[in-house]
Amino acid sequence: MKHRVYRIAVHIVPRAGLLDPQGDTITDALHSLGFKHVQSVHVGRHIVIETEAPDALQAETAVQEMCEKLLANPVTEDFEITSAVPV
Amino acid sequence: MKHRVYRIAVHIVPRAGLLDPQGDTITDALHSLGFKHVQSVHVGRHIVIETEAPDALQAETAVQEMCEKLLANPVTEDFEITSAVPV
Amino acid sequence: MKFGIVTFPGSNCDYDAYRAVVDQLRAEATYLWHKTEDLEGVDVVVLPGGFSYGDYLRAGAIARFSPIMRQVVEHARRGGPVLAICNGFQIACEAGLLPGALVRNAGMRFVSDAVHLRVENAGTLFTSGYEQGAVLRIPIAHGEGRYVADSTTIGRLEDDDRIVFRYCDPAGAVTGDANPNGSMRGIAGIVSDEGNVLGMMPHPERAVDPLLGPPDGLPLFESLLARMAV
Amino acid sequence: MTMVAPRPGDPRITSALVAEHGLTDDEFQRLVRMLGREPTFTELGIISALWSEHCSYKHSRSLLKTLPTEGPQVLQGPGENAGVVSVGDGLAVAFKIESHNHPSAVEPYQGAATGVGGILRDVFTMGARPIAMLNSLRFGSLDNARVRYLFAGVVKGIGDYGNCVGIPTVAGEIVFDDAYETNPLVNAMCVGVMKESELITAKAEGIGNPIIAVGARTGRDGIHGASFASEDLSEASDAKRPRVQVGDPFTEKLLLEASLELIRSGHIVAIQDMGAAGLTSSSAEMAERGEVGVTIDVSKVPVREEGMTPYEILLSESQERMLVVAKRGHEDAVSEILTRWDLTAAVIGEVIAEPVYRVTEGDTVVAEFPGSRLVTDCPRYSPEARESDEIVRLRATDVAGVPELPEEKDPLWTLERMLSSPTIASKAWAYRQYDSTVRTNTVIGPGGDAAVLRLRASNRAIAVKTDCNGRYVYLSPRNGARAAVCEAARNVACTGARPLAITNCLNFGNPKRPENFFQLSEAIAGIGEACRALDTPVTGGNVSLYNESPSGAVYPTPVIGMLGLIDDVAHVTPATWSVDDDVIVLLGEILGEPADGLGGSEYLARIHGIVAGAPPKCDADLERDTIACLLECIRGGHVRSAHDCSDGGLGVALAECAVADRSALVGAEINVSAWHDVPLRELLYNEAQARIVITAPESSLGEIARIAVKHRVAPMMIGRVRAGSRSLEIKHGKNRTLVAPLERLAAAYHDAIPAIMEASIESAAVLEQAAVTTV
Ligand SMILES: Nc1ncnc2c1ncn2[C@@H]1O[C@H](COP(=O)(O)OP(=O)(O)O)[C@@H](O)[C@H]1O
Ligand SMILES: [Mg+2]
């Protein structure tokens, strides 16, 4: 079967309820820069993966597994995966 | 005028062409975990901002400005902003 | 001759710089609080190392908006000397006092060690006390110290002799192995266009007392003192 | 007494709920008697935390009482946030060690980071400015993937936190052994300096004085951490993940500066960290020390999340928070200082004359206990203690007859294999991630026998080190604990310091098992014996029990944190060789007691995978004499380097003197032919105690001999430094010389851990996960 290359983005964010000192500090900084309306900021990672797979579904499944095994910290982070787009 | 809260995600990515040791390290790690089909990995920041604004457009404009001023480093990073979603 | 050492929230080498100036250089120093806009008439501004605002977001990104930075930029524009060390270097780049940026170390880890530096330009305000090509041993301690800039900028730095220090081996050779963070061209320190702002990742202020190791950082402070006294 | 009614929505107090809170039936009855009624849910939560092992020391208190805690040098002994010792010239040093084992097992990065944060606060709340951090770590074998993840995560957590706050991490130890595979030990120690006059204690005083919460807001994190630390690790611990606390070193740095400023300002009477069991234990302990009542209004506590119940607010272990008792009328001055540091403060309660511990939510009383002895009125236990037959058998095993492996025919193979044992090999992979020079006091950083920090405004310096060989304690608890104290003392002495005082962290298994309680009580006895012999009182410490998992308890590991004093910085002595032709002298017996074979040695563990035999005998009086001899030699200016024999014995000690500084390898010629009839492996790798390898100019030999005799120590010249040589040569009889090329020894010693970690996926995972969301 022919494989092709898919691009998938992953967003990994700190789990809700955990302290997010980075987000809080950036919120404060934005306030003092005059962006008074900012209510909250959370910082996570945006990971773009290009991988070969027989189809989009299998590409997504693989990335899901990568997140569970390596990319996301299962204790402190949640992740979400965007749909695979052929490159 | 009535303001409401919008959620906007920002992706900040290292400018293409810059050495990306982090992406390379992860690619290697994924390969040795058995994900042989991974071709490339790039890591950036995923920032989720909740801000009050009269409408979605103004929320996005504000976030655009935040990126230019603080969130992204114009020397080394590019950014993109997703559409504002009312919370 | 008075040094003003800026304390940002999270600065932690402000103390080291202060002690270096007062105890070893025997010159006058004062701390400058980040919220003030008064440089108190100091001659040299030191932007010290540490983790201003926790280095959250990006090292130096938030500190550069501190009220005092307006005055520091003004001081630099007037030709006043600014010594920007480690986190200070990161802040100076963010603030546009120096070109380029400092990003995560190529090895991705924080690196604490004593490294060798070669003096590439002994003609600056900060380095007249060194021999051209001298090899110094100076501590580093940083996680985001890889100097990057576009090729035009790098070209200009090279052409104008603004690369002041490069990482080297004990014999003075600039090699990949001697480069602790993957900086372009082994760059450890650069000066501004006008030569009055020095940014460097290594910590000369930690290398001034023979009790703690070779005092190879002291001539840097002495150079400033000598020039300013003229 | 006030009426205390259950809060609407509180769960009903059932025996299941009581059990879930870790209270026994007897303990619950005791609580009911104390209150004269059934407790509310909030009260149950409070007592569950205060009577947890972590806060109450219910299984260890009576044993700890036997430790020597006094001496002219001690300004503050156990019972406060940290011990304080006078170091002369009007200066004092505060120091303490604490465990964060279970949080680190669940989330290594945050677990270790918050451990560093907690111990830092314990030191600066005494009024001392932290000047150094140490850490004592135990992991399973690096062959195991999860272990590599834990190791990488813990090291990064320690580094990121300490580096950001700006306190150098200067020393420690790392041991790898299967015994710690699922239950790593992460002990962090902090050392601070102050003027004697700046000492402040955490005693609530002055009726009417306001109680102020300072620092981070209170969230739902870490609720019940104290009772968590008091249970075995099990599959169920995985369900406790939401309890993970996240550290914020940036706020910690602000808290540190603000707290020291507050203490010096004279506006406050007491200050304490909200550590384990958060607001509950900090307020109860401060009240208890001051023998006063307190009242706290939880509705005034700044919170991070909406709808938090009193129970949650009281038990939250959110980090970077402090509790302050201010002088009445000085509230504004206090808040001015905090505002300057971008910190918030809220008055949440008051010191009261009425002897009660009262918690309100607005006007409603939600918890109230009579008296001010909430913590010490907890039950005490002295469970059965009995040594396990298995260990008696292991200790009695004759290990002299263990056959050599075929590879050992080549003694260089054995030496390289020893040096590349992760327990012995250089730990630079870890400590290169720690800023060890910030604050510019570090005279000797990681890599020496102990770290040395100069004391400014004085000609003195202090030396600090942590030590413990858990295998010794496992095989022979009392002797092993003595050895831990003595090794730590030897290490600081090698740098030129007189051992002054200790702190300790007792990492043991479930005390309800007789074999574990035996180990605990024997080990404490051993610590006491050694501390009395060395005149190093115990100024504080921490007890961490329940370090076990389904596969069994960890080795009993009483980590000793030693503080030593160097009267003159000119006496600071390095560990590695430098000067050609210097004589190499061993202070102490080359073979130790006749009985000290290879029992309990790293050699048996590393080369043969055997943990058995009687570990070397530790004679604390002999250690004291050896140290006194060494120090007199150093003060006389006779010693150019000093390094003690510990893991791996004389063979490893010599190799370390030669190659530990990779940028300055130095060879030597050693001659031990006098013992040609003793097998080389026994000569090189027996771990007899009280031995120190020194180098000296030849002209000092006579003086050294005279000083040694005076201290009843046997000095033996065993070789000479050969600065130009490329090898370490050990002559063991006619035609029997081990020629060990320095480059090979250096590679074995320095590359072992990086070779494993740099290639590891787990290490990459730690770096990736910490990439953007943390410092
Ligand atoms: N976790 C650590 N953090 C900092 N330094 C460490 C750590 N582990 C070991 N070191 C340093 O490495 C050196 C060797 O440690 P160790 O083998 O325990 O020495 P010794 O055998 O003399 O007790 C010491 O300088 C020690 O402080
Ligand atoms: Mg030692």
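Chain identifiers are assigned alphabetically (A, B, ...) following the order of the sequence lines, protein sequences preceding nucleic acid strands; residue numbering begins at 1 within each chain.
- V48(B) touches chain A through backbone and side chain together, each having a heavy atom under 4.5 Å away.
- By number of non-hydrogen pairs under 4.5 angstrom with chain A, the leading residue of V41(B), V10(B), I26(B), V63(B) is V41(B).
- A donor-acceptor distance shorter than 3.5 angstrom exists from the side chain of T51(A) to the backbone of H37(B), with no hydrogens or angles considered.
- Heavy atoms of K36(B) lying under 4.5 Å from chain A are absent altogether.
- Looking at V38(A), both its backbone and its side chain come within 4.5 Å of chain B, counting heavy atoms on both sides.
- Counted by atom type alone, H11(A) and H11(B) present one or more donor-acceptor pairs between their side chains at under 3.5 Å.
- A donor and an acceptor atom, one from each side chain of Q64(A) and E68(A), are located under 3.5 Å apart.
- For chain A, the nearby part of L71(B) is the side chain; its heavy atoms alone come within less than 4.5 Å.
- We find that E77(A) and R15(A) are not joined by a salt bridge, their nearest charged nitrogen and carboxylate oxygen being 4.0 Å or further apart.
- Checking side-chain atoms of T82(B) against main-chain N and O of A9(B) turns up a donor-acceptor pair under 3.5 Å.
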